[in-house]
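Remarks on the structure that follows.
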Amino acid sequence: MHKLLSGPLSVERLNVRIADLPKSLSGTKIVHLSDLHYDGLRLSEQMLADAIAITNESEPDLIVLTGDYVTDDPSPIYHLVRRLKYLEARVGVFAVLGNHDIYYKHSQSIITQALTSIGIQVLWNQIAYPFGEQLPIVGLADYWSREFRPAPVMEQLSDRTPRIVLSHNPDTAEILSKWRVDLQLSGHTHGGQFVLPGFGPIVLYYHQFTRQLPKKVRARIPCLRVNSSKVVRHWEWAQGFHRIGKNQLYVNRGLGTYPPGRFFCTPEVTVITLT
Ligand SMILES: [Fe+2]
């Protein structure tokens, strides 16, 4: 049933050019997973097992997780970490939190402790150096938390140092364009979930259409009262690779599926090779 709504799991493979990447790190393989929404409804055990198997078969140097492990109640994280503990990467697994991981006051500490208990390093406005000084991994607080403050973190790094930034919400790419971001990895959008092949997420057109309607008309039609710009402003970055000035952004479509399902927007495991 779940697979019927979500579609099959896809593996996206891409090479990303990183300026000033040390020769010794050329060919570094990163697997990116996002938006699991593990709550017994939005992600099946089978799809999770397949995603973990594909990740490990890729023999990644690094695994990154970009948030929304649960949906509202944080307690499913205790079951989820029993699955995620099988993830294997040469230099480790690094994670940031999403808006759903801070849904309740107590959520953040529960999710962080559970992930940490299986050796996953959770970055909240922190920099990690799993590859040494030459390629830092920056993990930011969720954009919707009160602690999203990239400046003190980004300014610790020299402009000459390439870096990878983990930030759940792709809207942050606009703010982060003030700094060098060789590769930002995000999720949050589920790819828009409903996509018109060749055109992109339906929500993009919905936005353009509703903006043209007078406010009075919008207020009278219940489904038009939903403000999709509250989810994300930059729906044009809902999935895939984007250049924002000199910076590069990749948005993962996520593994979890919200009702009523996905349409031409399959769940995703991303395998990125740095060149
Ligand atoms: Fe999210």
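First listed ligand is number 1; within each ligand, the first listed atom is number 1. Computed from a prediction, not measured in an experiment: that's the story for all the values here.
Ring pair H234/H242: centre-to-centre distance not below 6.0 Å. The aromatic ring centres of H37 and Y258 sit less than 6.0 Å apart.
K3 and D50 are not joined by a salt bridge, as no carboxylate oxygen comes within less than 4.0 angstrom of a charged side-chain nitrogen. Comment: R90 engages D61 in a salt bridge, judged by a side-chain N to carboxylate O separation of less than 4.0 angstrom.
Checking H168 against the Fe ion (ligand 1), an N/O/S atom falls under the 2.8 Å cut-off.
For H188, the N, O or S atom closest to the Fe ion (ligand 1) goes by the atom name ND1.
Rounding to 10 degrees gives 100° for the angle at the Fe ion (ligand 1) between OD1 of N99 and OD2 of D68.
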